[in-house]
Amino acid sequence: MVHILSTALLLYFLPQFPCLSPDETTFGLSYNGGRIMTEPVSVSLIWFGTGWQESGRDAIRNAITSLTPSPYKDPEVPTLGDWWDVIKQYKDGSNSPVTDRVDVGAECFFTGPELNMTLDQVVEIGQTVFNQTAIEGFGGNLSCNRVFEADENSIYHIVLSHTVMFLVGQKQREMMDMCSGKFQLEIFGNMTVNMTWAREPQNAADHCSNFIGGSYYVGPPNGDEKIDSLVGYMLAKIAEEVTDRDGSGWSSNDGTGLTVSSSCPSPFQKIASGPPLYTDEDRKISFNAVGLNGFRYIIPYIWNQKIRNCALKSSEICSSNAILVEHPRGLLKGGIVVNHTDGLQPYAPNQKCQWNIQLPNEAKFISFTINYLAVAQGSGDHLLICQSHSSLEKCSVIQVKNGEFNRKFKVLGSRASIEFTSGDHVPFESRGWELSYSAGNQNPS
Ligand SMILES: *[C@@H]1O[C@H](CO)[C@@H](O)[C@H](O)[C@H]1NC(C)=O
Ligand SMILES: *[C@@H]1O[C@H](CO)[C@@H](O)[C@H](O)[C@H]1NC(C)=O
Ligand SMILES: *[C@@H]1O[C@H](CO)[C@@H](O)[C@H](O)[C@H]1NC(C)=O
Ligand SMILES: *[C@@H]1O[C@H](CO)[C@@H](O)[C@H](O)[C@H]1NC(C)=O
Ligand SMILES: *[C@@H]1O[C@H](CO)[C@@H](O)[C@H](O)[C@H]1NC(C)=O
Ligand SMILES: *[C@@H]1O[C@H](CO)[C@@H](O)[C@H](O)[C@H]1NC(C)=O
């Protein structure tokens with residue numbers, strides 16, 4: 001019976017993960033013995049093209065340096081440091097986690113011919129940045145704040161402005177078909193290094209443009225959809241490099257070779273209403289995470305092995321003890337809730353969370369309003385509101401049926417308990433719940 005139920009669930013949720021194998025409950029990443037980056041990382045950048053503004057570059061640099069545990073913890077809005085904490089759960093064979101320091105390294109700027117580039121030209125420039133004499137040979141079209149160094153703790157990352165065009169040929173078309181990638185090149189005639197790349201979308205119709213609207217979208221977090229799309233691709237690439245440096249680090253256990261980044265669907269194409277986002281109405285920006293120095297970003301979901309789901313930050317785990325609540329009114333919630341409208345990420349599996357509400361005896365009843373409910377239908381996940389007296393306990397199960405649920409509940413007396421239970425597999429769209437309660441001291445009508 002249990003088996004049949006979970007199969008039905010799988011079928012139901014499978015379309016959300018088009019790239020996963022059918023056996024979704026066992027999907028996960030496993031370690032293949034290769035390199036992960038446990039020492040402080042520097043990301044050296046080659047900026048291609050003339051389409052950059054300094055504000056856009058600063059947003060990108062700041063995103064990279066924000067990949068570090070931040071002193072500032074917001075219980076609600078994820079930070080890039082929280083996101084990096086998820087990455088840090090990936091360890092190498094000697095149990096060392098991914099580094100907690102990522103900085104911007106050397107930077108080069110290529111502003112030569114950009115209208116009809118070839119991959120070979122990109123590779124040539126990628127080789128040149130390691131050689132000062134060769135840089136000078138570009139006669140001012142290539143400049144660097146310092147020459148790149150061959151260093152195993154560096155990530156070399158090319159960023160292509162929207163002005164860079166690849167027009168002719170198969171290899172060039174691939175650069176336009178993809179939004180980011182990686183290639184290997186030889187330097188000094190005796191070494192190979194990998195370079196990752198990501199490109200700005202050329203216009204709003206470009207499939208690399210992440211901003212297709214949605215009800216929570218009021219504007220790009222850094223004022224330029226091209227930059228804000230690019231940030232997502234770059235962060236995804238950096239996450240892949242540090243967890244799967246040589247292609248035999250952490251990747252999916254189902255033979256498809258998915259990584260910490262590619263295991264998760266883009267939140268942007270998923271739902272008609274768009275991804276859940278925070279909005280700042282005054283500044284007309286939307287975001288799902290904050291970086292250092294007040295920067296806001298829309299960042300991609302990554303695979304969190306601990307909850308076997310895609311996430312932006314580590315999930316809260318309930319303690320085994322019930323939480324005692326004594327205020328006459330308040331708000332309780334499970335999972336992460338954005339603006340009482342939509343949760344940002346799935347709640348953790350296999351949880352049992354409990355709250356005991358104990359009000360002074362003059363309270364005659366407690367009324368509950370469910371503000372938000374996105375818990376898995378049909379699986380073991382449920383929210384229970386119970387009237388508790390020493391002698392009897394009467395419970396109501398709050399369930400979603402065909403998208404509907406009862407929003408209002410009333411419990412007689414001054415005591416109630418709330419219980420939230422989650423099962424083994426939490427679908428990506430199960431974002432949790434929030435309720436408010438208040439005590440009444442008249443006899444209930
Ligand atoms: C620098 O780029 C310009 C076009 O942007 C080109 O005309 C010129 O030949 C390039 N110079 C060198 C030395 O490659
Ligand atoms: C682009 O460059 C290729 C050679 O690499 C050339 O054959 C083609 O005509 C060029 N196209 C345009 C539109 O300039
Ligand atoms: C650096 O570039 C110059 C000029 O292209 C070349 O002569 C030299 O061999 C290069 N050095 C190395 C170490 O590859
Ligand atoms: C590769 O060649 C460069 C320049 O010729 C040299 O400095 C470096 O030590 C060599 N590296 C290896 C790994 O042989
Ligand atoms: C470059 O990446 C490929 C594919 O992941 C990998 O096989 C290769 O070992 C990497 N090379 C270096 C120098 O890390
Ligand atoms: C929540 O929504 C309100 C109104 O739409 C907005 O003013 C506020 O900034 C939002 N809060 C967050 C954290 O996005």
Fill in the blank from the handout: In short, I418 meets W433 closest at the heavy-atom pair CG2-CH2, 4.3 Å
Problem - Verdict with reasoning, V242 to I155, per side-chain contact (heavy atoms from CB on, under 4.5 Å) - result: CA-CA 9 Å; V242 297; I155 294 173; 4.1 Å; yes
Exercise for the section: Could you go through the side-chain contact (heavy atoms from CB on, under 4.5 Å) check for I385 and I398 one step at a time? Expected result: CA-CA 8 Å; I385 299 183; I398 321 293; 3.8 Å; yes
Problem - Backbone of T163 reached by a side-chain donor or acceptor of S161 within 3.5 Å - result: yes
Problem - Exam field: side chain N406 to backbone K408, donor-acceptor pair closer than 3.5 Å - result: no
Handout entry: Heavy-atom side-chain contact between K352 and F420 under 4.5 Å
Key = no
Practice task
Would you please indicate yes or no on a ring centroid separation below 6.0 angstrom for F287 and Y297?
Solution key: no
Completion exercise
Tested for side chain to side chain contact (heavy atoms under 4.5 Å, CB included) against D228, the lone hit among P201, S209, P221 is P221
Problem - Heavy-atom side-chain contact between Y278 and P78 under 4.5 Å - result: yes
Problem - R199/D206 ion pair, N-O < 4.0 Å - result: yes
Practice task
Please check if any side-chain donor atom of D82 sits under 3.5 Å from a side-chain acceptor atom of T79, or the reverse.
Solution key: yes
Fill in the blank from the handout: dist S180:OG -> L160:CG (nearest 0.5 Å) comes out at 10.5 Å
Handout entry: E136, CD atom: more than 12 neighbouring heavy atoms under 6.0 Å
Key = yes
Practice task
Check the surroundings of atom CD in Q354: do more than 12 heavy atoms from other residues, nucleotides or ligands lie under 6.0 Å from it?
Solution key: yes
Fill in the blank from the handout: Taken in chain and number order and not counting sequence neighbours, the residues that satisfy side chain to side chain contact (heavy atoms under 4.5 Å, CB included) with S252 are F27, L29, D254, T256, L258
Exercise for the section: Determine whether Y156 and V129 make a side-chain contact, defined as any pair of heavy atoms from C-beta on separated by less than 4.5 Å. Expected result: no
Handout entry: Under 3.5 Å donor-acceptor, S430 side chain and V426 backbone
Key = no
Completion exercise
Residues A348 and Q351: closest non-hydrogen pair is O-CG, 3.4 Å
Practice task
Give a yes or no on this: more than 12 heavy atoms of other residues, nucleotides or ligands lie within 6.0 Å of atom CD of E174.
Solution key: yes
Problem - Any donor-acceptor pair under 3.5 Å from T38 side chain to S96 backbone - result: no
Exercise for the section: For the residue pair W83 and P300, establish whether any side-chain heavy-atom pair is separated by less than 4.5 Å. Expected result: yes
Handout entry: S44 and E107: side chain donor to acceptor below 3.5 Å
Key = no
Problem - F409 and Y437: CA distance, side-chain angles, deciding distance, ring pair (Phe, Tyr, Trp, His ring centres under 6.0 Å) verdict - result: CA-CA 9 Å; F409 285 85; Y437 73 88; over 10 Å; no
Practice task
To the nearest 0.5 Å, tell me how far K333 NZ sits from W355 CH2.
Solution key: 11.0 Å
Problem - Validation row: E434, L331 side chains within 4.5 angstrom (heavy atoms) - result: yes
Problem - Short side-chain to backbone donor-acceptor contact, S66 and L292, under 3.5 Å - result: yes
Practice task
Starting from the C-alpha separation in whole Å, work towards a yes-or-no answer on side-chain contact (heavy atoms from CB on, under 4.5 Å) for R101 and E39.
Solution key: CA-CA 8 Å; R101 271 200 54 197; E39 298 294 320; over 6 Å; no
Practice task
Using the six-membered ring wherever Trp is involved, compare the ring planes of W47 and F109 and label them parallel, tilted or perpendicular (cut-offs 30° and 60°).
Solution key: parallel
Exercise for the section: Apply the test salt bridge (charged side-chain N to carboxylate O under 4.0 Å, His left out) to residues E241 and K182: give CA-CA distance (whole Å), side-chain angles for both, the deciding distance (0.1 Å), then the verdict. Expected result: CA-CA 10 Å; E241 281 299 291; K182 177 171 170 174; 2.7 Å; yes
Exercise for the section: For the pair S263 (side chain) and W303 (backbone), establish whether a donor and an acceptor sit closer than 3.5 Å, ignoring hydrogens and angles. Expected result: no
Problem - Side chains of N309 and Y301, donor plus acceptor under 3.5 Å - result: no
Problem - G249 backbone acceptor or donor facing D244 side chain under 3.5 Å - result: yes
Completion exercise
Value for CD1 (I87) from CH2 (W250), rounded to nearest 0.5 Å, stands at 12.0 Å
Completion exercise
The reported gap from CD1 in I298 to OH in Y216 (rounded to nearest 0.5 angstrom) is 13.5 Å
Exercise for the section: Kindly give the heavy-atom pair with the smallest separation between Q172 and F166, and that separation in Å. Expected result: O-CB, 3.5 Å
Practice task
Drop me the distance from L235's CG to I302's CD1, to the nearest 0.5 angstrom.
Solution key: 9.5 Å
Practice task
Please answer whether the main-chain N or O of V86 pairs with a side-chain N or O of N304 as donor and acceptor at a distance below 3.5 Å.
Solution key: no
Exercise for the section: Show the numbers, then the answer: is there a salt bridge (charged side-chain N to carboxylate O under 4.0 Å, His left out) between E54 and R61? Expected result: CA-CA 10 Å; E54 209 45 41; R61 293 181 186 113; 3.0 Å; yes
Problem - side chain to side chain donor-acceptor pair (under 3.5 Å) between D92 and Y31, worked out - result: CA-CA 8 Å; D92 69 8; Y31 178 58; 5.5 Å; no
Handout entry: Sub-4.5 Å side-chain heavy-atom contact between P220 and I285
Key = no
Practice task
Look at the side chain of E200 and the backbone N and O of H162, then say whether any donor-acceptor pair between them is shorter than 3.5 Å.
Solution key: yes
Problem - E240 side chain to T259 side chain, donor-acceptor N/O pair below 3.5 angstrom - result: yes
Handout entry: Contact check, side chains of I299 and L312, non-hydrogen atoms, under 4.5 Å
Key = yes
Exercise for the section: Report yes if the side chains of C179 and H207 come closer than 4.5 Å at any heavy-atom pair, otherwise no. Expected result: yes
Exercise for the section: Mind checking the CG-CE spacing from L119 to M175? Nearest 0.5 Å is all I need. Expected result: 5.5 Å
Problem - Evaluation steps, side-chain contact (heavy atoms from CB on, under 4.5 Å), between N194 and T196 - result: CA-CA 7 Å; N194 278 323; T196 53; 5.9 Å; no
Practice task
Run the ring-centre check on F405 versus Y372 and record whether the distance is less than 6.0 Å.
Solution key: no
Problem - Main-chain N/O of N350 paired to S422 side chain as donor or acceptor, under 3.5 Å - result: yes
Exercise for the section: Give me the ring orientation class for F110 and F48: parallel if the planes are under 30° apart, tilted from 30 to 60°, perpendicular past 60°. Expected result: tilted
